Amino acid sequence: MTSPSTPTPTPTPLANAAISIAVLGGGPAGTTTALGLVRLGYAVTLFTAPRRFDALEGVSDRVAESLRQNGLSATRRTLAQPSPRRVMWRNQVNAPNHESLIFRPDFDAALLQDARAAGVRVVEAQVGQWTKLEPSDLRGKIAVDFSTDGKDAQFFADFVVEARGRAAPLPPSRIRGPETVSLLQYWRPRYAAAEVLPRSAVQSFADGWAWVAVAANARRYLQLTFDVASIDLPDKAQLGDFCRSRLETLSFATEFIANAEPEGPPYARNCTSILADDIANDYSLRVGDAAVAGDPLSGNGIFLALSSALQAPAVINTLLHYPERAALAKSFHTQRLTGLFYRFARIGRDFYALEDQWPDAPFWRTRRHWPDTEPLHRRVTPDTVTIAQCPVINHDEIIEAEVVITPDNPLGIWRMDNIELSPMLKTIQHANNDGQAQQELVKLLDCPPQRAAQLLLRMRQQGWVK
Ligand SMILES: Cc1cc2nc3c(=O)[nH]c(=O)nc-3n(C[C@H](O)[C@H](O)[C@H](O)COP(=O)(O)OP(=O)(O)OC[C@H]3O[C@@H](n4cnc5c(N)ncnc54)[C@H](O)[C@@H]3O)c2cc1C
């Protein structure tokens with residue numbers, strides 16, 4: 001195992017330019033991964049085809065911030081100003097929070113614009129299957145089948161990033177939540193509206209929940225989410241009427257469909273929570289929904305996609321250049337995504353459990369107990385905190401480092417304010433009193449006493465030290 005103190009020659013961007021990486025899928029996960037890889041000097045080709053429907057989605061401020069921090073400036077400009085989001089749950093209306101509405105066709109087009117501007121080669125094409133060729137094959141690589149302008153072709157890459165979202169072929173899924181479907185219906189206003197205030201709302205009902213939104217152009221997006229196992233959906237021709245009659249029973253939705261009429265048939269989107277198998281191997285990596293697809297109730301899908309993609313370049317860089325750390329890199333990617341999956345699944349479970357009007361209805365009964373009974377947060381006390389060697393990201397690589405493990409952070413915390421945590425923790429644990437702990441921290445960090453006092457206080461507030 002190479003430790004951080006063992007210098008390993010850093011691969012130069014020039015060497016990386018000879019390594020070809022195919023990214024399949026140009027959503028937030030694929031594009032962000034492609035951007036990160038191009039910044040490391042790799043030759044990145046992104047294959048993508050537009051999605052078949054016009055979705056409107058909502059994102060939080062942290063998505064806007066992540067896009068800004070990662071240089072996706074054209075994409076960030078497609079986010080509408082944050083608008084109010086009301087929630088009716090347990091028949092109670094909660095004070096509005098807010099979300100930025102995004103029109104996915106514009107958002108997705110801007111992602112590609114940002115990718116091209118950063119030097120990613122974008123190929124608009126439908127991707128078929130990809131195959132790892134045997135080493136005995138002269139090319140010794142991965143063959144990706146794609147078709148563009150009606151012509152079939154093949155591309156040879158050294159590494160593949162699978163980022164086709166829920167459309168990515170799934171290996172035998174490791175974990176699937178209750179099968180869930182959302183029906184999306186667009187409504188257009190009957191009359192030109194003078195001024196439309198973009199807004200959205202969520203409302204629960206006996207066999208599911210609805211997300212309804214109106215965009216600045218007055219188009220309305222009405223999404224009904226159901227349990228696949230228990231809902232008796234009519235055939236395709238009647239689906240529009242089915243949605244309409246459901247929406248008319250929901251107080252929040254009626255406000256959104258007033259003076260409007262449906263536009264085309266509803267579009268069904270699968271939204272079952274899925275944690276895929278084989279997220280990382282020596283020649284391919286899954287990111288975004290292709291690895292971890294969450295329940296849209298949390299409205300965190302894009303955030304999750306970005307989180308998985310931001311760590312991917314360091315994982316791939318390690319797999320390609322430091323085979324001695326391949327197992328570490330794969331375990332880092334898999335553990336982080338598994339952790340995110342459970343975190344968001346438990347947030348969803350706790351929110352479903354709050355809705356107690358229909359405890360025996362199949363939709364609510366299944367979701368209030370899935371994925372498990374583990375609490376979202378665990379109590380952290382000094383005697384539950386330990387120190388261990390775990391994989392962490394160090395610049396563009398995955399290395400093994402000493403981290404602090406807590407019940408709430410089982411994957412470990414390496415640094416706090418850019419300072420390694422475990423030496424600080426050990427120093428404080430060995431001190432007899434606060435004064436001594438502070439003095440020892442001053443020596444360890446070569447910092448002023450006020451700074452040491454501040455760090456000690458923060459660690460105590462976290463429950464890491466007495
Ligand atoms: C009903 C529903 C509502 C949602 N609402 C929200 C929300 O409000 N807020 C939120 O943050 N998230 C929401 N999500 C989740 C969000 O859409 C995803 O989590 C996010 O887009 C995942 O990003 P990605 O890059 O992994 O995949 P995607 O965004 O799906 O990108 C994959 C890309 O690959 C392309 N592609 C697929 N197959 C091929 C192929 N064979 N060849 C070439 N290209 C291909 C697709 O067209 C697409 O451009 C919702 C999801 C659902 C199902």
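Hydrogens, waters and symmetry mates are skipped; everything else that's a heavy atom, side chains included, is used. In each ligand, atom 1 is the first atom listed, and ligand 1 is the first ligand listed. Everything numeric in this text was worked out from a predicted model, so none of it was measured.
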Review point. Which class fits the ring pair Phe146 and Phe47: parallel under 30°, tilted 30 to 60°, perpendicular over 60°?
Key: tilted
Check your understanding: Counting heavy atoms only, which part of Glu99 comes closer than 4.0 Å to ligand 1: side chain, backbone, both or neither?
Key -> neither
Study note, to complete from the structure: Note: Ala305, heavy atoms under 4.0 Å from ligand 1, region reported as side chain
Check your understanding: For ligand 1, is there an N or O atom under 3.5 Å from any N or O atom of Val59?
Key -> no
Practice item. May I ask you to check if Arg325 and Tyr322 form a cation-pi contact, with NZ or CZ under 6.0 angstrom from the six-membered ring centre and within 45° of the axis? Key: yes
Check your understanding: Looking at Glu99 and Arg199, does any basic side-chain N land under 4.0 Å from a carboxylate oxygen?
Key -> no
Review point. Do Ala29 and ligand 1 have an N or O pair less than 3.5 Å apart?
Key: yes
Point to revise | Contact summary for Ser204 and Glu355, nearest pair of heavy atoms | key: OG-OE2, 2.5 Å
Review point. Is Ala167 touching ligand 1 with its side chain, its backbone, both, or neither, if touching means heavy atoms under 4.0 Å apart?
Key: side chain
Review point. What part of Asn270, side chain, backbone, both or neither, has a heavy atom within less than 4.0 angstrom of ligand 1?
Key: backbone
**Study point:** Arg367 to Phe363 six-membered ring, cation-pi geometry met (6.0 Å, 45°)
**Key:** yes
Review point. Do the charged groups of Glu65 and Arg68 touch, with an N to O distance under 4.0 Å?
Key: yes
Check your understanding: Is there at least one pair of N or O atoms, one from Val127 and one from ligand 1, spaced under 3.5 Å apart?
Key -> yes
Revision key, fill the gap. If you scan protein heavy atoms around atom 51 (C) of ligand 1, the nearest is Arg269 NH2, 3.7 Å
Point to revise | Contact check: Ile302 vs ligand 1, nitrogen or oxygen atoms, below 3.5 angstrom | key: yes
Review point. Quick one: which of Ala125, Pro105, Gly25, Ala109 has a heavy atom closest to atom 43 (C) of ligand 1?
Key: Ala125
Point to revise | From the candidates Glu162, Glu57, Arg51, Arg104, the one that places a heavy atom nearest atom 14 (N) of ligand 1 | key: Glu57
**Study point:** Any N or O of Ser182 closer than 3.5 Å to N or O of ligand 1
**Key:** no
Point to revise | Gly288 neighbourhood, listing ligand 1 atoms whose heavy-atom distance to it stays under 4.0 Å | key: 26 (O)
Check your understanding: Is any NZ, NE, NH1 or NH2 atom of the basic residue among Glu162 and Arg164 found under 4.0 Å from an Asp or Glu carboxylate oxygen of the other?
Key -> yes
**Study point:** Taking atom 47 (O) of ligand 1 as the reference point, the nearest protein heavy atom with its distance
**Key:** Ala49 O, 2.7 Å
**Study point:** Option of least heavy-atom distance to atom 45 (C) of ligand 1 (set: Arg164, Gln223, Gln126)
**Key:** Arg164
**Study point:** Ionic contact status for Lys330 with Asp282, cut-off 4.0 Å
**Key:** yes
Check your understanding: Hey, is Ala293 touching ligand 1 through its side chain, its backbone, both or neither, going by heavy atoms under 4.0 Å?
Key -> neither
Point to revise | Numbered atoms and elements of ligand 1 in range of Gly58, under 4.0 angstrom, heavy atoms | key: 7 (C), 8 (O), 9 (N), 10 (C), 11 (O)
Check your understanding: So, is the end of the Lys141 side chain (NZ or CZ) under 6.0 Å from the ring centre of Phe156 and within 45° of the ring's axis?
Key -> no
**Study point:** Thr48 neighbourhood, listing ligand 1 atoms whose heavy-atom distance to it stays under 4.0 Å
**Key:** 35 (C), 43 (C), 44 (N), 49 (O)
Review point. What part of Ala309, side chain, backbone, both or neither, has a heavy atom within less than 4.0 angstrom of ligand 1?
Key: neither
Check your understanding: Is the closest N or O pair between Phe47 and ligand 1 shorter than 3.5 Å?
Key -> no
Review point. Any idea how Phe303 and Phe344 line up, ring-wise: parallel (<30°), tilted (30 to 60°), or perpendicular (>60°)?
Key: perpendicular
Practice item. Run the numbers on Asp356 and Arg368 for salt bridge (charged side-chain N to carboxylate O under 4.0 Å, His left out), then give the verdict. Key: CA-CA 10 Å; Asp356 53 6; Arg368 64 192 308 133; over 6 Å; no
Check your understanding: Phe252 ring centre to Arg86 NZ or CZ under 6.0 Å, with the angle to the axis within 45°?
Key -> yes
Exercise for review: Enumerate the atoms of ligand 1 whose separation from the nearest heavy atom of Gly165 is less than 4.0 angstrom.
Suggested key: 27 (O), 30 (O), 32 (C)
**Study point:** Of Trp209, Phe205, Tyr352, the residue whose pairing with Trp364 passes ring pair (Phe, Tyr, Trp, His ring centres under 6.0 Å)
**Key:** Tyr352
Practice item. Between Pro50 and ligand 1, find which residue part has any heavy-atom pair under 4.0 Å and reply side chain, backbone, both or neither. Key: backbone
